[in-house]
Amino acid sequence: MGEEAVDGRGGPAVDLAGAEIRGDMEAGNPPIFLPRQPAAPPLLALDIGGTLIKLVYTASCCGAGGAELRFAKFERRRLQECFQFIRAEGLLGCNGGTRASRENMTLKATGGGAYKFADDFREKLGVCLDKLDEMDSVVSGANFLLQNIPGAAFTHMNGQRHPINVSPNNLFPYLLVNIGSGVSILKVTGNRKFERVTGTHIGGGTMFGLAKLLTGCKSYDEFLQLSQKGDNFVLDLIVKDICGELVCQKQGLSTSTLASSFGKVITSKKKLTDYKPEDLASTLLSAFTYNIAQIAFLVASLLGLRRVFFGGSYIRGHKSTMENISYAIDFWISVSLGWQDLNICGLSSIRSQSQMQAVFLRHEGYLGALGALMSYGDCSGENFTLEEEPQHESAPVDGTSADEENDSNIFPYLLVNIGSGVSMIEVIGKGKFERIIGSHLGGGTILGLARLLTGCSSYEEFLELSQRGNNLTVDLTVGDIYGEEGYPKIGLPASTTAASFGKVNSSKLSEYKVEDLAAALLNSFSYNIGQIAYFVANLSGLKRIFFRGAYVCGHEKTMDKISRSLKYWSKGEVQTTFLCHEGFLGTLGAFWSYENMGIDGLAAHEVIREVLLGAPYTGQFPSLPATQQDNGEHNSLEGEVESLRHDNTMLKAEVERLQRENAELRAKLARPDEASIL
Ligand code: ADP
């Protein structure tokens, strides 16, 4: 290289010409060779996230010309070790130099910790942090890898890893799902052009936090190793467990579909200590990985995007994680092929352009840090362009008030049935409905996890605990990551939950109050159900959602959380109604009977069918003969069937009660002096 490129603030730029990965093509985070980059002075950029600090820096490569990009990470709580590493590697460019010689030195840094720990860097290293927007850095890092590094991206399916060549001409638009402590989902339309479409608080922090509490694991590697040896079939409820192989065959259902993560725990007499850490780890990994993949699938479908890149340290080059994501995306594509009759906006483009594809990046955890490093050559001042966010109205879109609703205009609507799992059905008209999708994180998951974490014996007891708890002792907020200002640029105040259970540091369950764990569980999963329901309603253009099911009926706190979630995600656009509680029915459509709502056709066996549209099951022993799975769970399977029968009886009784109530209300309506009370 001739002259050293210099940025607008006097900093050297990174010369990307001829950049390539050298060495083992399978290795995770291999150095990236930059033949034209001078080895000195070194460049260093950091991404200080909610869990990990990621470093990318340049170093000389064994006497050869040029330099290479190297990667390192530290837990955020080990900031001092990170400082020692920076000093020991001479990454401040003046190894052995005085504090005064570093006085004007700035390091590029992104992530919330760049704001929170700026003073520590000044005090301990004597450097200033040039703070860069996190989303902008993540997008720049992804675009850098995809546009400059051959072999940076690959697919992982059926145990096979295939590098994909991304042509810069057809790279955009794509969906970037960055799975860190929480998850950010971005639509990327160009270099520095993107929109943060959504995110979820159920991310890596949630999985690892729960993993520490349930398995006692101390490190993420230990957790991943455990999950590798475990069998999630021990805790997960799959379709076969609910209706048996014969019924599945008769109804054309896949026996191995995951109906409810942790769903078997409810009917089992086992305590947490009776379960193997391996099985718990395996269940956690599939539960959360499928959930993230499902949200990614729904968002990509909504936006009509067929290429979905996954980043963030959650993936960590772990084969099962990638396999589960790819398998899940494929599974939901096949489910979506059954949505022929539904008016689902983005689907046609996905189908016509071939299938949606999950793509992974070899340096997935370092996107933000890479983006920050790239900005050393940036003279553009303002560091990113957010695409215009679509404007949401706050009033119901159709302008119809609840009071004006009548039997003729309630269709179509989305019916969300929260049982052990969650099923979502578009009800088009009287007796006409179409199953859309389901979620394996339902009531069975909430109660199953509640049993393991709090030892509670009923849903009522769990709710009662949650009422007294404070989720903030275990949930990681945006404020914990960024400081009290939050992350205003993308509209996330400090109080927003960034990662449920993301603050759990200890592996000792006894250090946490059961009330707080219950509160965090309720928040986390109710919001998740609300979010998925919102995406599904949005995808099918439905403005009304009705919830029902044993896990919401009569439970005000659950209903409250779901309503808040829907209000938050839809910005008030979607109307939420619960079909089980006098209070709600009183204000919203007391006149509708189940019959009028078109759901009377969903009889008992149909309810079972609906529940089954959960997630794919990729446990390692899906086809073991029954005798080998004889681990005392037979009783619990029978128990589960029994409990579903019980649920059905309760639902039937409720329908009858509502029909009676409906008749009474109609009778009252006929008397004008009493109608005003409604
Ligand atoms: P953040 O920027 O929020 O720290 P990352 O992209 O670094 O996010 O991902 C953090 C997540 O990655 C964790 O929540 C966990 O799921 C996973 N992870 C991977 N490696 C580790 C590790 N060594 N320690 C803790 N978590 C890890």
Side-chain angles (χ1 to χ4, degrees), residues 28-29 45-56 71-79 81-82 109-117 132-135 137-139 141-142 176-186 199-213 215 217-227 281 284-285 287-289 291-292 309-318 320-322 324-325 360-361 363-372 474-482 487 492 496-507 524:
N29 306 310
L46 303 102
D47 174 5
I48 311 173
T51 309
L52 299 174
I53 306 171
K54 282 79 58 181
L55 274 63
V56 180
F71 303 86
K73 64 172 183 289
F74 297 86
E75 282 182 50
R76 177 174 153 128
R77 60 193 168 133
R78 309 210 183 279
L79 187 61
E81 281 174 28
C82 174
T110 187
Y115 296 82
K116 214 162 174 183
F117 299 129
L132 301 158
D133 179 78
E134 183 181 338
M135 296 301 127
S137 301
V138 165
V139 170
L176 180 58
V177 182
N178 198 46
I179 319 176
S181 311
V183 184
S184 280
I185 303 185
L186 306 124
T200 153
H201 56 287
I202 297 197
T206 318
M207 182 172 77
F208 192 31
L210 285 171
K212 286 181 217 166
L213 297 176
T215 71
C217 69
K218 302 241 163 25
S219 73
Y220 198 68
D221 282 341
E222 187 188 343
F223 162 68
L224 289 179
Q225 277 161 17
L226 281 173
S227 75
L284 283 168
L285 191 73
F288 292 106
T289 305
N291 190 62
I292 295 167
F309 291 98
F310 287 88
S313 306
Y314 177 91
I315 295 174
R316 230 190 144 290
H318 186 242
S320 299
T321 307
M322 294 187 284
N324 280 0
I325 289 178
F360 305 96
L361 296 160
H363 299 85
E364 78 279 268
Y366 293 92
L367 304 185
L370 277 166
V474 289
D475 286 350
L476 187 73
T477 63
V478 172
D480 293 326
I481 303 174
Y482 271 84
Y487 188 180
L492 295 178
T496 309
T497 304
S500 292
F501 293 94
K503 227 191 258 174
V504 170
N505 273 327
S506 166
S507 314
S524 167

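Computed from a predicted model, the values in this text were never measured in an experiment. Read the numbers this way: they start at 1 and go in the same order the structure lists the ligands and their atoms.
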Task: Under 4.0 Å to a heavy atom of Gly205 - the qualifying atoms of ligand 1, by number - done: 14 (O)

Open item on the list: Between Lys503 and Asp480 (salt bridge meaning N to carboxylate O under 4.0 Å), is one present in this structure?
Closed with: yes

Task: Contact check: Gly50 vs ligand 1, nitrogen or oxygen atoms, below 3.5 angstrom - done: yes

TODO: Please could you name the atoms of ligand 1 that Gly312 approaches to less than 4.0 Å, counting only its heavy atoms?
DONE: 6 (O)

Open item on the list: Return the CG to CZ distance between Leu46 and Phe74, rounded to the nearest 0.5 Å.
Closed with: 10.0 Å

Task: Protein heavy-atom partner closest to atom 21 (C) of ligand 1 - residue, atom, separation in Å - done: Tyr220 CB, 3.5 Å

Task: Reference residue Phe208; test ring pair (Phe, Tyr, Trp, His ring centres under 6.0 Å); the match among Tyr220, Phe288, Phe501 - done: Tyr220

Task: Of the listed options Gly311, Ser219, Gly204, Ser181, closest to atom 16 (O) of ligand 1 (non-hydrogen atoms) - done: Gly204

- [ ] Measure the spacing between OG1 of Thr289 and CZ of Phe310 and express it to the nearest 0.5 Å.
- [x] 10.0 Å

Open item on the list: Check whether Thr215 reaches the backbone of Ala211 with its side chain - one donor and one acceptor, N or O, closer than 3.5 Å.
Closed with: yes

Open item on the list: With rounding to the nearest 0.5 angstrom, report the OG to NZ distance, Ser506 to Lys212.
Closed with: 8.5 Å

TODO: Check whether any N or O atom of Thr51, backbone or side chain, sits under 3.5 Å from an N or O atom of ligand 1, and answer yes or no.
DONE: yes

TODO: Examine Met207 against ligand 1 and note whether any of their N/O atoms are separated by less than 3.5 Å.
DONE: no

TODO: Considering only non-hydrogen protein atoms, determine which one is nearest to atom 5 (P) of ligand 1 and report residue, atom name and distance to 0.1 Å.
DONE: Ser313 OG, 3.4 Å

- [ ] Quick one: look up the protein heavy atom nearest atom 8 (O) of ligand 1 and list residue, atom name and how far away it is.
- [x] Gly180 CA, 3.1 Å

- [ ] Could you check atom 25 (C) of ligand 1 against the protein and tell me its nearest heavy-atom contact, residue, atom and distance included?
- [x] Phe208 CE2, 3.5 Å

- [ ] Answer yes or no: is there a donor N or O on one side and an acceptor on the other, between the side chain of Lys54 and the main chain of Leu52, under 3.5 Å?
- [x] yes

Open item on the list: So is Gly365 touching ligand 1 or not, going by heavy atoms under 4.0 Å?
Closed with: no

Open item on the list: Which residue and atom name correspond to the protein heavy atom nearest atom 7 (O) of ligand 1, and how close is it?
Closed with: Lys54 NZ, 2.7 Å

Open item on the list: Between Glu364 and Tyr314, is there a side-chain donor-acceptor contact under 3.5 Å, judged purely by atom types and distance?
Closed with: no

Task: Identity and distance of the protein heavy atom lying nearest atom 24 (N) of ligand 1 - done: Leu52 CD2, 3.6 Å

